[in-house]
Amino acid sequence: MPTVVFVHGAFADSSSWNGVIAHLKPRGYPVMALANPLRGVQEDAGYVRSIVDTLDGPVVMVAHSYGGAVMTEAADGADNVKALVYVASISPDVGESTLDLLMKYPGSQLGTAIDMVPCRLPDGSMGMEQYIQQDKFPDVFAADVPRDVAELMAATQRPATESAQAGSPTKVAWKSIPSWTLVSTQDLGIPPDLQRFMAQRAGSTTIEVDGSHAVAVSQPGPVAEFIDTAARATMN
């Protein structure tokens with residue numbers, strides 16, 4: 001069985017995959033949900049790749065949101081990665097940032113919901129972190145998640161740096177590794193039309209789920225089923 005490696009995006013943490021993991025483990029999949037640093041595409045990808053390189057056997061990588069940019073760079077050239085699964089995610093090409101892509105299609109409400117907070121970056125310089133305002137988080141990020149759960153997600157969200165959202169990959173794994181894309185059709189973070197554009201460009205096997213940006217939390221069963229489909233395709 002391939003190991004399923006999860007990469008969360010901005011404004012979330014690895015626990016956002018808990019429901020999906022609960023569906024996959026009984027099927028026999030080894031799983032690992034990584035703590036994405038959210039500091040910058042290359043920095044984050046380097047960390048993720050360092051862990052993927054330690055894993056024996058085949059790997060299926062799964063990413064959400066900005067995590068897709070990290071996975072796109074991290075998986076390139078990794079011989080053990082057999083499939084990429086993008087879940088309500090971006091799948092950028094070389095030189096495309098999350099911010100660039102979000103401007104291609106209308107519909108994202110993140111821009112009016114973000115607070116910027118000064119932070120010190122790993123190199124010692126000062127930068128900015130981005131948070132979704134807690135009162136806007138449920139509607140913008142997790143509209144189909146129970147309100148009490150969405151409010152907990154808002155309070156525990158992981159901020160990404162502005163430079164991470166403005167960064168872009170230098171390598172593109174979906175050009176050499178088969179990909180699967182789950183489009184969340186009620187997404188107010190990454191517009192569904194943008195998700196469809198990227199999936200078509202990558203030649204992804206694609207399904208659509210009537211869910212918010214937090215579709216892995218609200219509908220873990222369909223997400224897990226889709227990951228299982230991708231994983232089984234690599235075993236044939």
Do any pairs count as a salt bridge (Lys or Arg N to Asp or Glu O under 4.0 Å) and have a residue in [range], sequence neighbours left out, and if so which ones?
{"range": "residues 106-127", "answer": "none"}
{"range": "residues 152-172", "answer": "none"}
{"range": "residues 7-25", "answer": "none"}

(message) Side-chain heavy atoms under 4.5 Å apart, restricted to Ile/Leu/Val/Met/Phe/Trp/Tyr: what other residues fall into the cluster of Ile207, or is it alone?
(response) Met1, Val4, Phe6, Trp17, Val20, Ile21, Leu24, Tyr29, Val31, Val60, Val62, Val85, Val87, Trp180, Leu182, Val209, Val215, Val223, Phe226, Ile227, Met235
(message) Which residues end up grouped with Val117 if you chain together Ile, Leu, Val, Met, Phe, Trp and Tyr wherever their side-chain heavy atoms are less than 4.5 Å apart?
(response) Tyr131
Quick one: [atom1] on [X] to [atom2] on [Y], what's the gap to the nearest 0.5 Å?
{"X": "Asn80", "Y": "Met61", "atom1": "CG", "atom2": "CE", "value": "9.0 Å"}
{"X": "Ile177", "Y": "Thr234", "atom1": "CD1", "atom2": "OG1", "value": "11.5 Å"}
{"X": "Thr72", "Y": "Met198", "atom1": "OG1", "atom2": "CE", "value": "9.0 Å"}
{"X": "Leu188", "Y": "Gln109", "atom1": "CG", "atom2": "CD", "value": "4.5 Å"}
{"X": "Leu110", "Y": "Ile190", "atom1": "CG", "atom2": "CD1", "value": "8.0 Å"}
{"X": "Ile114", "Y": "Ile132", "atom1": "CD1", "atom2": "CD1", "value": "5.0 Å"}

So does [Y] get a backbone contact from the side chain of [X], meaning a donor-acceptor N/O pair under 3.5 Å?
{"X": "Ser204", "Y": "Gln200", "result": "no"}
{"X": "Trp174", "Y": "Pro92", "result": "yes"}
{"X": "Ser125", "Y": "Leu121", "result": "no"}

With [X], which residues qualify under side chain to side chain donor-acceptor pair (under 3.5 Å), at least two apart?
{"X": "Arg201", "result": "Glu96"}
{"X": "Ser91", "result": "none"}
{"X": "Thr170", "result": "Glu73"}
{"X": "Thr161", "result": "Ser163"}

(request) Please list, chain by chain and in numerical order, all residues satisfying salt bridge (charged side-chain N to carboxylate O under 4.0 Å, His left out) with Asp228, sequence neighbours excluded. (result) Arg27, Arg232
(request) Would you please name every residue forming a salt bridge (charged side-chain N to carboxylate O under 4.0 Å, His left out) with Asp210, sequence neighbours left out? (result)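 In terms of salt bridge (charged side-chain N to carboxylate O under 4.0 Å, His left out), with neighbours along the sequence ignored, Asp210 is linked to no residue.
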(message) Regarding Ser97 and Ser168, do their side chains bring together a donor and an acceptor under 3.5 Å, going by distance alone?
(response) no
(request) In sequence, state the C-alpha distance, the side-chain angles, and the governing distance for Asp144 and Gln186, and then conclude on side chain to side chain contact (heavy atoms under 4.5 Å, CB included). (result) CA-CA 9 Å; Asp144 58 349; Gln186 302 301 317; over 6 Å; no
(message) Tell me whether Arg49 is salt-bridged to Asp44, with the criterion being a basic N under 4.0 Å from an acidic carboxylate O.
(response)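 No salt bridge links Arg49 with Asp44.
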Between [X] and [Y], what is the shortest heavy-atom contact and its length?
{"X": "Ala231", "Y": "Pro2", "result": "CB-CG, 4.0 Å"}
{"X": "Ser89", "Y": "Ala63", "result": "CB-O, 3.6 Å"}
{"X": "Arg39", "Y": "Cys119", "result": "NH1-SG, 4.4 Å"}

(request) Go through the steps for Arg196 and Thr185 under the test side chain to side chain contact (heavy atoms under 4.5 Å, CB included), then give the verdict. (result) CA-CA 10 Å; Arg196 295 180 185 112; Thr185 62; 4.0 Å; yes
Report yes if some heavy atom in the side chain of [X] is under 4.5 Å from a heavy atom in the side chain of [Y]; otherwise report no.
{"X": "Leu102", "Y": "Asp100", "result": "no"}
{"X": "Thr181", "Y": "Thr205", "result": "no"}
{"X": "Tyr66", "Y": "His8", "result": "no"}
{"X": "Lys82", "Y": "Val59", "result": "no"}

(request) Please lay out, stage by stage, how Tyr86 and Met71 fare under the test side chain to side chain contact (heavy atoms under 4.5 Å, CB included). (result) CA-CA 9 Å; Tyr86 293 93; Met71 179 174 77; 3.5 Å; yes
(request) Mind checking ring pair (Phe, Tyr, Trp, His ring centres under 6.0 Å) for His213 and listing every partner two or more places apart, or none if nothing turns up? (result) His64, Phe141
(message) Please evaluate residues Gln130 and Gln165 with respect to the criterion side chain to side chain contact (heavy atoms under 4.5 Å, CB included), reporting the C-alpha separation (whole Å), side-chain torsions for both, the decisive distance (0.1 Å), and the verdict.
(response) CA-CA 9 Å; Gln130 299 179 334; Gln165 301 281 38; 3.1 Å; yes
